[in-house]
Structures are given as structure tokens and as C-alpha cells.
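Proteins get letters first, then strands, A, B, ... in listed order; numbering begins at 1 in each.
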There are 2 protein chains.
Amino acid sequence: MTTARFESIRGLPLFAEMTEESFDTLTRGAFVQNFPPNMVMISEGEVADFLHIVQSGCVELFSTWSNRETSVATLYENSTFILAATMKNRLNLMSARTLQKSRIIMIPSENVREVFATDPNFALAIVDELSRCYRATIRNMKNLKLRTSLERLANYILKQHHRQGDLLEYQLPVEKRRLASYLGMTPENLSRAFNKLKPHGVVVSGQNICITDLTALVDFAKPDLLID
Amino acid sequence: MTTARFESIRGLPLFAEMTEESFDTLTRGAFVQNFPPNMVMISEGEVADFLHIVQSGCVELFSTWSNRETSVATLYENSTFILAATMKNRLNLMSARTLQKSRIIMIPSENVREVFATDPNFALAIVDELSRCYRATIRNMKNLKLRTSLERLANYILKQHHRQGDLLEYQLPVEKRRLASYLGMTPENLSRAFNKLKPHGVVVSGQNICITDLTALVDFAKPDLLID
DNA sequence: AGGCTGTCTTGATATTTATCAATCAAATGT
DNA sequence: ACATTTGATTGATAAATATCAAGACAGCCT
């Protein structure tokens, strides 16, 4: 079967409920591409010809303006990106680069729009994914506008702690300078912020994060269901 | 016909292409509600039972955390809100209050989801609206992360200028303290920022904005297709 | 191992932004 | 029209954050 290479994504929420026929139509003309690390795959301002899915590796979404750059998100296995631009056939608002050697599945935007119109289950899945990403972005904006950089860092540490199985000690999944950019601060400021969190129960050494006083950290970070 | 009161929204992009039958189903159980100014209609954390549409008046979306508040958007006639939470039957991430006396159309979330599943044209319109709002939020975030508050203000003034028919002189559509909150700054800082823009061709007096040197302002603001 | 490169950290300083307090101006109610 | 309230401005100061420069450290190459 020609779609065998796309079996890895068949089970994702976005594709799980659609018919075989729809999946075939969708993946006709789709392909897998290998990228080396640190390669810009998409530049903001280009037309979104393909829906992208990270099959393996790791991708950073970022944006630039007037010589400045900011990291918007880091995506891992099974994440989709540029769905909104794909659906509306618009320009990408963000750029994307690989952080590691990565395999990316690319599905022609036309196919996505075509199957959307014919398969109600796929349509529903698209809306779920869109809503999820939209809401994530709103949370992100609240985080930026309502919290200081120190508070953002504290909550980031808590969220990673939770993602990594509630371990009190874990490794940062990204470089610090990217984390700084993601949190809306400079690397220097991030470095100092880590130190300022020591009294709130966080000890950092290299990529290693150790939460020495979870209660104190939670108390300072005040994580919130509607932001984090 | 029982849906006569909803004729005002029938022509909106979100509802224009759907069948009569779908529109009837959608508006069954829907109603119009009048709110006085400064009334909180929705509090973040509540379940999104209704899709809201501003029929007349003006609504502010805002969020709070730990004694702080930030303005996320100001909506006028024909705007919909909480669409994402409605589609996924989730908690609202934002609160909403009227800024003026307003008429709001409220459509039960269940109806929206029901018709979404049966009317492909409505499904398409929903995705369009979701994508539009999502992309607007990404632009907003880029604006916040890539620009200083002075640059954000300069671009805001340019955008309003454009919205108000390219007039060089116009009235601010919102109170300054709300504008400050929307732009992610304090009222004091906004006040000073207006003064700092004088050398860049902006004169402010009360609600009145006068662009005395459009070239200079554009030169400073560097408006961008992918942000503004 | 040695050298190279890029990231991270630290210190000194400048800029941006917030806070607090006081005054001023404008809108509102009676 | 007056008093009252709310929002806007201004000044003085503090806090947060960025910038610049230097040094420390780690990973990588040959």
C-alpha cells in the first residue's frame, strides 16, 4: 500500500476517526522529508502549501521583526504545525527550524481542505486541533501579560516537572537561550532568574533542574488552571 | 417566523452559507439579552454554554491572575466570542464585560456543535472564524514579544488610522487605561509614551489623535504585514 | 590532548517600565 | 450649576529588564 509510510500518524487524534478512503485521499501526494539540525524549513510570509507533522526529531517555531527574534514554541514527535494557515490558504505567520535531525511529514494543503469538506470526522478533528492550539496561544499570552519573567520561569519549571512524570529532578528539554526567548527574556536575565529562584526551592546546574522545595515553589509560582 | 430576531446575524460570514434548516436548528433556544454598561457577562473558568455575538454595543475580553488584570480584546458589532471554548465544551479562558449598553445574542453551544456536524458550509465557516481568531492572537503575541511598548503604541495608532478610513485625525475608540492594558503597559507609561511619539509625528489631546507626520510615524513604527 | 566554537554566567551599567503620590481634567449625578 | 467621582497627567523614585563586556565552561573536531 502506498500509504504505508504514513501509518505512524494514522493513530493521531487528527487522523484516527477518518475513513480509510479519506486517509488515502489525504496522503496522496504527501511525502516524508529528512532535515538536518538547525535548518529553516519554513519562513514566515510564505504561503502554507503543506500541513507539517513532526514524525521524529524536534522543531522550533519562531518569529522575527526588525532584527529581533522570538521563540514561540518547541514541537516534538507527532505535533502538527501551520494548520491555521493551511486551512485558510494564507501566509505563515511564523518560521520553523529543526533543532535536531528530524523527519517531517508534509501533506498538501489542498488535500487537507478537500478531505475536510467530505469527511465530517476529519472536520471535527481539525476543529479540535485548531481550538487546542488557539487556546494554548491565549494561555501563552496571559502568561506573558500577567506575570513577570521570574514568575513565568517558576511556572515553566513546575510545568516541566509535571510533564516529566512529577520527578523532582529532571533535565531541561531545550537550550537555555531558547528557553529565555520562549519566556520573553534575555539569556542573561534567565541566568539570574534561576538564581533568584533558589530561595523558592529550585537548584540549577547545567541542564539539570532540581526542585528542593516543591511547596515553596508552588507558593511562589501560583500555577493556574487557566494559564498553565 | 420565530427566528426573525436573529435576521441581523444571518448575513455574517459565520452564518451566511448555511441552509435555512440549519439556521433554524442553530437558533432554536437561542436568545437576545440586554446588558447595562460595565457588566461582567462571563467569568473565566466557567463552562462555555453559549456562543456569544455582539449585536450592538461593545464588549471587552479580559483576564485576571493574582490581583492583576489585562485587556485582551475589545469587540464591536457582529463579533463572536468564546467560539473555541464552545466547540470543545471547555472552560472559558477569558472573562467578558460590556463597556456600553449592549445587546448580545446567545446561541446554545450544543446547537453549534450539532449543526457543525450536519452542515458542511457551517463547518467551513467555523473553521474560518477559528483560524482568523487564532491567527489574530499569534499576531498579538508577536507584537508583545518583539516590540517595546512605544513601538506597540505607534503601530496601534497607525492601525486605527487605517481602520478609520486613513484619516490623519481621529478619536480613540477606547479609554486610555484600557488601551494601556491592551498594549501591556500602565496608564502612566501610556501617557508618557504619547509624549515620546510627538517627535515621530503624533499629537494627542484627550481622545483626539492627530498624525502630523505620517512618514515619520511609519518610519518609526515599521508596521509589518505579519504582525499588524 | 589541544584548540576551537558556541553557550552560559557574572559584573557593571543603561534603559525600560512600574509604582506611589499629587494634581488636574473631564464626566456624572442631583 | 455644583459637588462628586473617575480617569488622565506629571513628577519622583524604585524595580525589572536589557545591554555590553569579560570570563568560565562544555562539547566537538582533528
Checklist entry - Base, backbone or nothing for each nucleotide of nucleotides 24-30 of chain D, written B, S, -, heavy atoms under 4.0 angstrom, 5' to 3'? => result -------
Next on the checklist: Please encode protein proximity along nucleotides 13-18 of chain D as a string of B, S and -, counting only heavy-atom distances under 4.0 Å.
Outcome noted: ----SS
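Here D:dT10 presents its C1' atom at 16 Å from CZ of B:F194, a figure rounded to the nearest Å. Between B:N38 atom CG and D:dT5 atom C1' there is a gap of 14 Å when expressed in whole angstrom units. Computed from coordinates, the B:E175 CD to D:dG7 C1' distance equals 7 Å when rounded to whole Å. As rounded to whole Å, 11 Å separates atom C1' of D:dA8 from atom CG of B:N195.
For the side chain to side chain contact (heavy atoms under 4.5 Å, CB included) test, residues two or more places apart in sequence or in another chain that qualify with B:R10 are B:E7, B:M18, B:E20, B:F23. Take B:R152 and apply the salt bridge (Lys or Arg N to Asp or Glu O under 4.0 Å) test, not counting sequence neighbours, and it matches no residue.
Taken to the nearest 0.5 Å, the CG atom of B:N92 stands 8.5 Å off from the CG atom of B:D49. The line from NZ of B:K159 to CG of B:N143 is 7.0 Å long, rounded to the nearest 0.5 Å.
The aromatic rings of B:F81 and B:H52 are tilted relative to each other, their planes meeting at an angle between 30° and 60°. Ring planes of B:Y134 and A:Y134: tilted class, angle from 30 to 60°.
Judged by distance alone, with hydrogens and angles left aside, the side-chain atoms of B:W65 form a donor-acceptor pair with the main-chain N or O of A:K222 at under 3.5 Å. Looking at B:T98, its side chain never comes within 3.5 Å of a backbone N or O of B:V59 through a donor-acceptor pair. Of the possible polar contacts, one joining the A:S131 side chain to the A:V127 backbone as a donor-acceptor pair under 3.5 Å is found. The backbone N or O of B:S71 sits less than 3.5 Å from a side-chain atom of B:S181, completing a donor-acceptor pair.
Annotation: the terminal axes of the helix from C:dA1-D:dT30 to C:dT30-D:dA1 meet at 50°, where each axis is the rotation carrying the C1' atoms of four end pairs onto the next four (5 pairs per end, rounded to 10°).
A cation-pi arrangement is present between A:K176 and A:F194 under the rule of less than 6.0 angstrom and at most 45 degrees off the ring axis.
In this structure the side chain of A:V112 reaches within 4.5 angstrom of the side chain of A:I126, judged on heavy atoms.
Between B:R147 and B:D224 there is no salt bridge, since no side-chain nitrogen of the basic residue lies less than 4.0 Å from a carboxylate oxygen of the acidic one.
Bounding nucleotides for the chain B contact on DNA chain C, 5' to 3', at a heavy-atom distance below 4.0 Å, are C:dT17 to C:dC20.
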